[in-house]
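This report concerns only the one structure given below.
These values consider heavy atoms only, across backbone and side chains, with no hydrogens, waters or symmetry-generated copies. We count ligands from 1, going down the list as the structure has it; atoms in each ligand are counted the same way.
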Amino acid sequence: MTATPKTQPTIASAADVLDVAPVIPVVVVDEVEQAVPLARALVRGGIPIIELTLRSEAGLAAIEAVASQVEGIVVGAGTVLTPTQVQQIVDAGAQFLVTPGSPPHLLDAALGCGLPLLAGAGTLTEMLTLAEEGLLVQKFFPAEASGGRPYLSAVSGPCPQLRFCPTGGVTPQNASDWLALPNVGCVGGTWLTPKDAVAQGDWNQIERLARAASALAPA
Ligand code: 3PG
């Protein structure tokens with residue numbers, strides 16, 4: 001396993017993951033070489049956290065590269081779909097993991113791996129099923145398509161103990177409204193790392209988007 005740098009922020013729980021920044025950038029890299037400069041641009045812009053997804057072939061190697069080479073950033077693995085991937089991202093040095101949904105075998109593996117987990121839920125029954133496992137901090141996904149802010153706001157009535165990172169359809173325009181909900185700790189989104197900017201290595205653009213995102217506050 002690759003050792004993480006000494007100055008990596010400490011993350012002990014899913015609640016800690018939500019407290020790092022107003023936004024968790026959800027990132028796809030097609031080339032592993034993109035990951036380190038991209039992560040450094042996020043840090044320069046004031047977003048010291050990244051969710052590197054396993055949606056591309058390069059995802060796993062990207063996690064390992066950022067975990068071992070970029071100081072001062074919390075590195076998570078996103079789009080974790082199988083128990084095999086859970087072991088792979090632990091070995092790569094991920095500090096937390098995110099699942100879009102929470103089927104039983106995946107959930108067992110994720111709970112067993114020892115890393116803070118942001119498990120995905122889109123309905124109240126899924127949220128309560130995760131709560132039965134002790135997971136009171138969750139990813140609400142796909143946030144806009146699953147009922148948006150009215151849905152999550154309604155959840156806070158019967159379940160005030162649950163906290164969320166909504167992801168999926170969150171934008172710079174609506175992020176402050178999401179952050180204003182009492183049960184939202186931070187939001188997640190892909191807008192900080194546009195596909196074109198990543199492909200062209202436009203790290204200044206990503207730094208600018210991160211700087212704007214770091215200033216987001218509840219509306
Ligand atoms: C995720 O996996 O969290 C979403 O795909 C992010 O969705 P977005 O592109 O709407 O931000």
Check for me whether E51 has a heavy atom closer than 4.0 Å to any atom of ligand 1.
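No, E51 has no heavy atom closer than 4.0 Å to ligand 1.
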Polar proximity ligand 1 side, [X] side, N/O cut 3.5 Å exclusive:
X: T79; answer: no
X: R55; answer: yes
X: V26; answer: no

Considering only heavy atoms, does F141 approach ligand 1 within less than 4.0 Å through its side chain, its backbone, both, or neither?
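Side chain only.
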With a 4.0 Å heavy-atom cut-off (strictly under), which part of E144 contacts ligand 1: side chain, backbone, both or neither?
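Within the 4.0 Å criterion, E144 makes no contact with ligand 1.
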Spatial distance of atom CH2 (W203) from atom CG (L42) [nearest 0.5 Å]
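W203 atom CH2 to L42 atom CG measures 9.5 Å (nearest 0.5 Å).
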Applying a strict under-4.5 Å side-chain criterion to I, L, V, M, F, W and Y, I'd like to know whether L18 and L152 cluster together.
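Yes, one cluster joins them.
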Tell me, which protein residue and heavy-atom name are nearest [atom], and how many Å apart are they?
atom: atom 3 (O) of ligand 1; answer: T167 CG2, 2.3 Å
atom: atom 10 (O) of ligand 1; answer: G169 N, 2.7 Å
atom: atom 7 (O) of ligand 1; answer: G168 CA, 3.5 Å
atom: atom 9 (O) of ligand 1; answer: T190 OG1, 2.5 Å

If you measure only the distance, is there a donor-acceptor pair under 3.5 Å linking the side chains of D91 and Q87?
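Yes, side-chain donor-acceptor contact under 3.5 Å.
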Holding to salt bridge (charged side-chain N to carboxylate O under 4.0 Å, His left out), I want the full list of residues that pass it with R149, two or more places apart in sequence or in another chain.
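With sequence neighbours excluded, R149 shows a salt bridge (charged side-chain N to carboxylate O under 4.0 Å, His left out) to E144, given in chain and number order.
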Assess whether a salt bridge exists between D19 and R163, defined as any Lys/Arg side-chain N lying under 4.0 Å from an Asp/Glu carboxylate O.
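Yes, charged N to carboxylate O under 4.0 Å.
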Given 3.5 Å as the limit, does a donor-acceptor pair link the side chain of T99 with the main chain of S102, or not?
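Absent.
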